Amino acid sequence: MKVRSMNCTRIRLLYYSTASPSTFHFNQRLLLLKNASGATKLDDALQLFDEMLQRQPPPPIIQFNQLITLIVKMKHYSTALSLYNNIKLMGIPTDLYAINISINCHCRLNQVAYGFALLATIFKQGHPHDLATYNTLLHGLVIADRVFEAVELFKKLLRDKLCDPDQVMYGTVINGLCKVGHTRKALELLNFMEAGSCKPCVEQYNAVIDSLCKDKMVDHALELFTNMTKKGVVADVITYNSLIHGLCNFGREMEAVKMLRDMEDEGVSPTAETFNILVNAFCKQGSVKDAVLAVQEMVRRGLHPCVITYSALIDGYCLRGEMNEAEKVIDRMMERDIVPDIVTYNSLINGYCKKKQIAKATRLFQEILAKGLIPNAITYSSLLQGLFESGKPAAARELFNDMQEKGEAPTVLTYGILFHGMCKNSQCSDALALFRSLGSDEMKNGVGLYTILIDGCRRCGKPNLAMDLFDELLSKGLKPDARTYSVMIRVYCEEGLLVKAKELVRNMEENGCLPNSFTYNVIVRELLKKNECQEAEVFLEEMINRGFMPDHATFENLLPRIPNVGKASRLRTIIQKLTNGS
DNA sequence: GTAGGGTTAG
């Protein structure tokens, strides 16, 4: 029995290998390659390709397509294209599949134009209009950040009835629109699908729901989620994770937790991501206790905390200034062989800097370098701020130079910290010179940087420079924010230009920028300093009516100006109202 | 088992 079955196998092997040797070898070897992993995979595929190319007669194009598809999946797009070139050089005719695979490769290499050139080839060779071709090109435009051209092509295809769009085509365009933040258009297209014959599935809903959440339109996202469910489309873990994330970003942690219960009721199991979202939200919100409970819950369910989970906890403790607890977490994660990354270290460095433990922060920075981790703009920014705040402006400048030498691009935040620190150390001219040397429009037109420099010039006793900067900002057509106005109000006050200061408070409101607590505190405090008590009262009442409280510095100026007991005083009435309220 | 998309966590 045993012998007979072995014989059968041998006979079958023999039969296949004589009848169609190339097919047999090819299919086996392709299967081996598909399941293979490791460094030689590409070389093995190329080896097989060479053998195929040398075979007479050549194998069918379908086999070449199969092999090259494998190479494309490994992301070796240029290699794939050169293989097709070899095929053509050997005079082996290609087919529509081969062209579509080539178009995809060009698109992935950011050569959409070559893709469109191949579309012309398709027409010349008389192939029919093909959905896969168009979908590949649409996707190519999307990954090249040319979403609007993708939308135009999509419209043209529909208008000229060149093809009947399918779920892939709609999905590609919807994803593209979401990617560039045109969520409304994506939603419109989704609604268009719902009305037509090609109904959207959960992936298309997910794209729009996630995009709405990122646009802080969580309630719209929840609405869409409800509509989707009503239409019988079943939400998956990605739908729920997006919604939970959106709710958390909006400070709606309780609803997020309820959503977690809902998803379980619906039979969708939360993943580690789900818990990481919650852990992170709890930490950012200040309740590390809840975060720890969430981690325990995820472990209880057999889900594994990862570097993101531990980093969130560390960040939570650092934000609360509980550095000992943060250190304990880092020990615990190391024990579990989870390697802290730059984000983890950034939290710790930031924590130490905020606690003025600059030595520890610097030591940690050295450790990062020794470990071969690359500090990013956040690392440098935190440490810069720490150095300035610890009264080490020279070390800060050195670090900034170091950052530039290492090729780490400073962000607006970095420059803000740097300018602020320099101005605090009477170096506003240097800061200004550096600002003038900035190349990017984002930096040159950053209202935040202008505000820091205006305040810096004021601090350095150069009010005229401050006023020039404010004029420059306005003439550039930039929109000052409440901070900018407040800082300028302070400049005017300090220069005794009280009329201009008061004007600016009214001006900013007209320009759609409501004065905030800082603005009112500045104007009230400065007016009191100049003994303009009646004017100060007007703004004081206004600020209280708008729900803002005088800060410590304002109170210090306020209290000495309240007349003795018995004398009628509006100021005292205001203060009494305040103190009774609290 | 020849081609096209699919996104959630710091």
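In this text, all values refer to a predicted model and were calculated from it rather than measured experimentally. Below, read A as the first sequence line, B as the second, and so on, with proteins coming before strands; counting in each chain starts at 1.
The A:Asn65 side chain lies nearest to B:dT2 when the options are B:dT2, B:dA3, B:dG6. Side-chain proximity of A:Gln204 to B:dG1, B:dG5, B:dA3: nearest is B:dG5. Comparing B:dT8, B:dT2, B:dG5 by their nearest atom to the side chain of A:Thr69 picks out B:dT2. Here the nucleotide nearest the side chain of A:Val343, chosen from B:dA9, B:dG10, B:dG1, is B:dG10. Side-chain proximity of A:Lys34 to B:dG6, B:dG1, B:dT2: nearest is B:dG1. Side chain of A:Asn280, nearest nucleotide from B:dG10, B:dA3, B:dA9: B:dG10. Considering only side-chain atoms of A:Val307, the nucleotide from B:dA3, B:dG10, B:dA9 that sits closest is B:dG10.
Within the 4.0 angstrom heavy-atom criterion, base atoms lie near A:Leu31. Using a 4.0 Å heavy-atom cutoff across all strands shown, A:Lys284 reaches sugar-phosphate atoms only and no base atom. As judged by a 4.0 angstrom heavy-atom cut-off over every strand, A:Leu30 is placed among residues making no nucleic acid contact. Within the 4.0 angstrom heavy-atom criterion, no nucleotide atom of any strand lies near A:Asp315. At a threshold of 4.0 angstrom between heavy atoms, the contacts of A:Cys213 with the nucleic acid are absent. Contacts of A:Ser311 with the nucleic acid, taken as non-hydrogen atoms under 4.0 Å apart, include base atoms. Counting non-hydrogen atoms under 4.0 angstrom, A:Ile62 reaches a base of the nucleic acid. Note on A:Asp166: a base of the nucleic acid sits closer than 4.0 angstrom, heavy atoms only. A:Ile308 comes within 4.0 angstrom of a nucleotide base, judged by non-hydrogen atoms across all strands. Counting non-hydrogen atoms under 4.0 angstrom, A:Asp210 reaches a base of the nucleic acid.
Side-chain atoms of A:Thr172 and base atoms of B:dG5 include no donor and acceptor less than 3.5 Å apart. Applying the 3.5 Å distance criterion, the base of B:dG6 shares no donor-acceptor pair with the side chain of A:Asn206.
Salt bridge A:Glu408/A:Lys406: absent, no basic N to carboxylate O contact under 4.0 Å. Remark: A:Asp219 engages A:Arg252 in a salt bridge, criterion side-chain N to carboxylate O under 4.0 Å. For A:Lys328 and A:Glu325, the salt-bridge test passes: some basic side-chain N is under 4.0 Å from an acidic carboxylate O.
Whole-Å rounding puts the A:Tyr134 OH to B:dA3 P distance at 20 Å. What separates CG of A:Leu83 from P of B:dT2 is a distance of 19 Å, to the nearest Å. Here the P atom of nucleotide B:dT8 and the CE atom of A:Met259 are 18 Å apart, to the nearest Å. Rounded to whole Å, atom P of B:dG10 lies 17 Å from atom CD1 of A:Ile338. Per the geometry, CG belonging to A:Leu138 stands 19 Å off P belonging to B:dA3, to the nearest Å. In this structure, A:Glu297 places its CD atom 22 Å from P of B:dA9, rounding to the nearest Å. Between the CZ atom of A:Phe275 and the C1' atom of B:dT8 there is a distance of 15 Å, rounded to whole Å. As a whole-Å value, the separation of A:Asn241 CG from B:dA9 P is 8 Å.
If you check the side chains of A:Thr274 and A:Asn241, you find a donor sitting under 3.5 Å from an acceptor. Residues A:Tyr352 and A:Arg363 have side chains that never bring a donor and an acceptor to within less than 3.5 angstrom of each other.
Phosphate contact (OP1/OP2 of B:dG5, side-chain N/O of A:Arg108, threshold under 4.0 Å): present. Listed pair A:His245 / B:dT8 fails the phosphate criterion, with no side-chain N or O lying under 4.0 Å from OP1 or OP2.
Contact between A:Thr344 and A:Asp341 at its shortest, heavy atoms only, is OG1-OD1, 2.9 Å.
Ring planes of A:His129 and A:Tyr134: parallel class, angle under 30° (limits at 30 and 60°).
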